[in-house]
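Following: one structure in C-alpha cells, then a few remarks.
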Amino acid sequence: QVQLVESGGGLVQAGGSLRLSCAASGRTFGSYAMAWFRQAPGKEREFVAAISWRGDRTYYADSVKGRCTISRDNAKNTACLQMNNLEPEDTAVYYCAAAPPYYSASAYPREYDSWGQGTQVTVSS
C-alpha cells in the first residue's frame with residue numbers, strides 16, 4: 001500500500017476555487033492510478049475524478065466535468081484536483097485514493113487499495 005495525505009481543503013464561497021493536493025509515499029508513485037472521491041454527510045462516497053498511472057487519461061464525474069481538473073506530478077509524488085466554479089453541492093470530505101500498481105483508473109472505490117484521511121471542502125451560498 002501507499003500512504004496518502006490530502007491538503008488544500010477549506011471554506012469558499014460559491015463560484016470560488018480550491019486546489020486539493022495529495023502527497024504520496026511508500027511505493028513508486030508513477031506505477032498506480034490516482035483518484036479523488038468525496039462523501040457528503042448522510043451520503044455514499046462518490047467518484048469525482050481519476051487519472052491513469054501514465055497520466056495520459058483522465059476521467060470525471062458528470063457533476064464536476066468542466067469545473068475540475070485532475071493532474072499528477074510523478075517527480076513530486078503528488079496528485080492534484082483543481083476545482084473551479086464551486087457550488088454548495090460540492091460540500092463534502094474529499095479523499096484521494098491509489099490503485100494497485102498498473103491497474104487501470106476506475107470510478108469504483110473498491111478498485112483502490114490506499115486512501116487518505118480526507119480533507120473538508122465547504123462551499124457557502
Side-chain angles (χ1 to χ4, degrees):
Q1 289 189 337
V2 63
Q3 289 73 49
L4 303 172
V5 179
E6 302 98 334
S7 62
L11 173 64
V12 64
Q13 289 187 331
S17 298
L18 282 174
R19 184 175 179 84
L20 306 183
S21 294
C22 178
S25 62
R27 66 183 183 208
T28 305
F29 182 74
S31 67
Y32 46 89
M34 296 291 296
W36 289 91
F37 292 81
R38 67 186 182 186
Q39 189 167 17
K43 295 186 177 181
E44 293 187 353
R45 190 166 297 190
E46 67 171 354
F47 171 73
V48 177
I51 186 167
S52 63
W53 56 271
R54 286 193 179 96
D56 57 346
R57 295 186 179 183
T58 56
Y59 309 87
Y60 298 94
D62 289 342
S63 60
V64 304
K65 198 171 294 183
R67 299 189 297 120
C68 291
T69 303
I70 188 171
S71 61
R72 66 187 299 153
D73 185 337
N74 290 347
K76 296 182 179 180
N77 288 3
T78 58
C80 293
L81 183 69
Q82 177 68 43
M83 303 188 294
N84 301 321
N85 195 21
L86 284 162
E87 305 168 351
E89 293 73 23
D90 296 315
T91 295
V93 177
Y94 284 69
Y95 299 89
C96 68
Y102 307 113
Y103 274 44
S104 298
S106 170
Y108 298 101
R110 65 177 181 266
E111 300 294 325
Y112 296 86
D113 67 348
S114 298
W115 293 82
Q117 82 289 350
T119 186
Q120 177 70 47
V121 171
T122 303
V123 184
S124 63
S125 57

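The shortest non-hydrogen separation linking Ala14 to Ser125 is CB-CA, 4.3 Å. The minimum heavy-atom distance between Leu86 and Leu18, with the atom names listed, is CD1-N, 3.9 Å. Annotation for Ala40 and Ala92: closest pair N-CB, 3.8 Å, computed over non-hydrogen atoms. Closest non-hydrogen pair, Met83 versus Val121, comes out as CE-CG2, 4.0 Å. Heavy atoms only, all atoms of each residue included: Cys68 and Leu81 are closest at CB-CD1, 4.1 Å. Val2 and Ala98 make their closest contact through CG1-CB, 3.5 Å (heavy atoms, listed as atom of the first residue, atom of the second, distance).
Note that CD1 of Ile51 is 12.5 Å distant from CZ of Arg57, once rounded to the nearest 0.5 Å. Arg54 CZ to Tyr102 OH: the interatomic distance, rounded to the nearest 0.5 Å, is 9.5 Å. Here Gln120 contributes atom CD and Arg38 contributes atom CZ; the two are 12.0 Å apart, rounded to the nearest 0.5 Å. Here Arg67 contributes atom CZ and Thr69 contributes atom OG1; the two are 11.0 Å apart, rounded to the nearest 0.5 Å. In this structure, OG in Ser106 is found 5.0 Å from OH in Tyr112, a value given to the nearest 0.5 Å. Put simply, OG on Ser104 and OH on Tyr59 are 7.0 Å apart, with the number rounded to the nearest 0.5 Å.
Geometrically, Arg72 engages Phe29 in a cation-pi contact defined by less than 6.0 Å to the ring centre and at most 45° from the axis.
Of the N and O atoms on the side chains of Glu87 and Asn85, not one donor lies less than 3.5 Å from an acceptor on the other residue.
Between Trp115 and Phe37, the ring planes are tilted. Angles from 30° to 60° get that label.
The side-chain heavy atoms of Thr78 and Ser21, taken from C-beta on, include no pair separated by under 4.5 Å. Looking only at side-chain heavy atoms (C-beta outward), Met34 and Ser114 stay at 4.5 Å or farther from each other.
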Evaluate the criterion side chain to side chain donor-acceptor pair (under 3.5 Å) for residue pair Thr91 and Glu89; output intermediate values, then yes/no. CA-CA 5 Å; Thr91 295; Glu89 293 73 23; over 6 Å; no
I would like to know whether Val12 and Thr122 meet side-chain contact (heavy atoms from CB on, under 4.5 Å); could you show each step before the answer? CA-CA 6 Å; Val12 64; Thr122 303; over 6 Å; no
Chi angles and distances behind the side chain to side chain donor-acceptor pair (under 3.5 Å) call for Asn84, Ser17: CA-CA 4 Å; Asn84 301 321; Ser17 298; 3.0 Å; yes
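Enclosure of atom OH in Tyr60 by more than 12 non-hydrogen atoms of other residues, nucleotides or ligands within 6.0 angstrom is indicated. Sparse packing is recorded around CD of Gln13, with 12 or fewer heavy atoms of other residues, nucleotides or ligands lying under 6.0 Å away.
No donor-acceptor pair closer than 3.5 Å links the side chain of Thr28 to the backbone N or O of Ser31. In this structure, Glu6 contributes its side chain and Cys96 its backbone to a donor-acceptor pair below 3.5 Å.
Taken together, the cysteine pair Cys22 and Cys80 keeps its SG atoms at least 2.5 Å away from each other.
In this structure, Tyr94 has its ring center no closer than 6.0 Å to that of Trp36.
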